[in-house]
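Because the structure is predicted, anything quoted here is derived from the model rather than measured. Whatever order the structure lists them in is the order used to number ligands and atoms, beginning at 1. Side-chain atoms are counted along with the backbone in the values below, which use heavy atoms only and exclude waters and symmetry mates.
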Amino acid sequence: MSILRFELLREALGRKAVPVHAENRPADDFAKNVFDREKMQKYLSKHTCKTLTDSIDKGLPLDRAIADEVATGMKQWAIGMGATHYTHWFQPLTGGTAEKHDAFLEPQDKGGVIEIFSSKMLVQQEPDASSFPSGGLRNTFEARGYSAWDPSSPAFVVGDTLCIPTVFIAYTGEALDYKTPLLRSIKALNKAATAVCHYFDNQVGKVISYLGWEQEYFLVDAALWAARHDLVMTGRTLTGHESAKSQQLEDHYFGSIPSRALAFMTDLEHEALKLGIPLKTRHNETAPNQFEIAPVYEEINLANDHNVLLMSIMKKVARRHNFRVLLHEKPFKGINGSGKHNNWSMGTDTGINLFAPGKNDMENLQFITFLVNTMMAVYSHNGLLKASVSSATNAHRLGANEAPPAIVSIFLGKHVSEVLDKLESANTDDVIHFDDKTALKLGVAHLPEVLLDNTDRNRTSPFAFTGNRFEFRAVGASANCAEAMLTLHAAVAHQLKKFKSEADALIEGGMPKDKAIITLIKHMITQCKAIRFEGNGYSEEWKEEAKKRGLDCETSVPLIFDNYLKAEHLAIFEQGGVLSRPEIESRCEVKWETYTKKIQIESRVLGDLAMNHIVPVASAYTSVLLDNAFKISHLFPKEEAEAMSRQDKIIIKEISSHIDFIIQKTAEMTEARKMANTIALEREKAIAYHDTVAPLIEAIRYHIDKLELIVDDRMWTLPKYRELLFIR
Ligand code: ADP
Ligand code: MG
């Protein structure tokens, strides 16, 4: 083992769990660092507090008349929490979050300083953020972007900084972030869904969208991580042979959590709870050193802020425990990657979950209506939904043999499938009949009972119905959930609107309401059948079958992005007021550009690893073998010497053929990058990177991994999979 690797291993193995000292029980600290309603009541006048909470509940913009008092109260609270700075916290298209800290402190003309935080500072800021990607919407030399407070997500204190959740938009009003279109999509869905709810209950005033995310991640020892340039630079290992034992024994999943990891989780949970993130679940995941963390579901805008916030705290807390957290979708070849399961449902302000079977037939018809419309939306926009979760990093996960394929389908489970099949084949008039009390009777199996048993799970499905919600599992671990969810919202909102207008037309034509609804549902069940798949999503047969069914089976990420610009998909964003055409176009530019950059960086890092680490080490080992063979030939008679050095020679030849390949292909890869870099259009450039550069990365890796198996372990400098994955 190389001295460096040996030292690193010794360091990693010598670590103990870092003890976590907390003064309070986590529950006592819940939301301690959040300017929530309790603090509003304490720091704001009654009138201001009510005006603010009303506007939050109704989703209205902040009343400027109270902004000064809100800012003053918030500052007072934040200073009491030890804050000296404030920042507008937003979610640019680069991923992650952005913040620029300004001090409260303001020097005075006559000397001295005071701490100020005005309503202007709270409500609107103009960060000089001209280098965030905008896909051409905002030329750096002209209009700048500005950030504006989103009062529906409460402010919070991290360290010495008051963070104010904001949207980030161009001066011309276009969205430059994830939050803005997510908020617009919530509005669109609320409008469309509330209108449909009125068929069943006139009391419904609002439909709320909920998200419960499950976040998967890996932990790697900090010392070993630092020695892996690929992990440092790209978040994934670009080389590394599978270890003899990986996940085949399934002994890590749900096993007892290793003590160092548990200390990290305990610390993380406490930090997150202080920020009001309602974490609930933690466990080991399938792969070694892979874990999952999940909160209780919340309103989607807040849930998403909490996910983005958690991802950034995870990184900080991991350092305290001498770990690095990997959020990349596929940090290691040959074992499971990491995703984010987005559990999604819609609920009314009257307390009904629209994806849960109800107490009576009317509620069940409402449930079926929302279920089938969602299926129809996912069917009509399956390619677009795939685009919304696609990225250079998630491409390694989707379609690999341990994650949903790059095809969107819906799993319903046996019971719901049966109910829908029965409905489809039943005569509409038989389905509806009225009993003595003229209450609607659905002539289908009693839903509440059958759905009680929702243990029916299919882990291979990218979009599964799980009893009272849908679980969108194709989302990447490092992604901002908003992209997938706003796309889903736009699609479902569009579908519900279409359904409403078709139902209204039938009703106006004289058909009874229930019959109109059931007629349309039956029709949709037939139409969207292709999206339903209950089998093994990992299988080759499914890929064949999906193609026949006309589902989007494209696997090239740059081409998958084209879906955004197809007329039928663009329409749902435009008509729902979620994203305009220029916004979509610019976001696509950013997607292609980001794709290119990720592959470009990987390719450069691999080139460096190959030429500066792998080839020199392999050559050095060859030279040891050559030396040996040479000495043998001098010391022993010819025939004996031949026999004694035969194996050495075989290995020498094998190594040099791998080295040859690696050197040649690395040069080819550099040429391919150069060619691709001359392309001006982002889309074409991304395609070139996908078609010409990415395959070479894989090809070179194959030979490097072969070398890892041959070269003397003492000489190999890079920490191996068995070390990265099993030291904890
Ligand atoms: P699993 O899918 O692994 O069994 P859980 O049952 O713990 O996981 O739920 C996963 C996530 O789904 C949690 O965040 C949970 O709060 C959330 N969830 C549960 N019910 C709903 C719902 N009706 N709408 C949205 N999310 C929900
Ligand atoms: Mg789940």
Between the candidates Asn343, Asn468, Thr466, Asn342, which shows the shortest non-hydrogen contact distance to atom 17 (C) of ligand 1?
->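 Among Asn343, Asn468, Thr466, Asn342, the closest heavy atom to atom 17 (C) of ligand 1 comes from Asn343.
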
Option whose closest heavy atom lies nearest to atom 19 (C) of ligand 1, chosen from His341, Arg473, Arg469 =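 Looking at heavy atoms only, the winner is Arg469.
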
Candidates Trp213, Phe355, Tyr210 - the one meeting ring-ring contact (aromatic ring centres under 6.0 Å, His included) with Trp344 =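 Only match with Trp344 under ring-ring contact (aromatic ring centres under 6.0 Å, His included): Phe355.
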
Does [X] reach ligand 1 with a nitrogen or oxygen that is under 3.5 Å from one of the ligand's nitrogen or oxygen atoms?
X	value
Tyr210	no
Glu214	yes
Ser345	yes
Thr281	no

Using distance alone, with no hydrogens and no angle criterion, decide if Asn373 and Gln495 have a side-chain donor and acceptor under 3.5 Å apart.
->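 Yes, side-chain donor-acceptor contact under 3.5 Å.
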
Between Lys32 and Asn24, do the side chains contain an N or O donor and an N or O acceptor separated by less than 3.5 Å?
->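 Absent: no donor and acceptor within the cut-off.
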
Under 4.0 Å to a heavy atom of Asn353 - the qualifying atoms of ligand 1, by number |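 Heavy-atom distances to Asn353 below 4.0 Å select 23 (N).
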
Close-contact set for ligand 1 against Pro295 heavy atoms, below 4.0 Å |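 The atoms of ligand 1 under 4.0 Å from a heavy atom of Pro295 are 13 (C), 14 (O), 16 (O).
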
On the 0 to 90° scale, with breaks at 30° and 60°, tag the Phe291-Tyr217 ring pair as parallel, tilted or perpendicular.
->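 Phe291 vs Tyr217 ring planes: tilted.
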
Backbone, side chain, both or neither: what part of Glu471 comes under 4.0 angstrom of ligand 1, heavy atoms only?
->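 Under 4.0 Å from ligand 1, Glu471 contributes side-chain atoms alone.
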
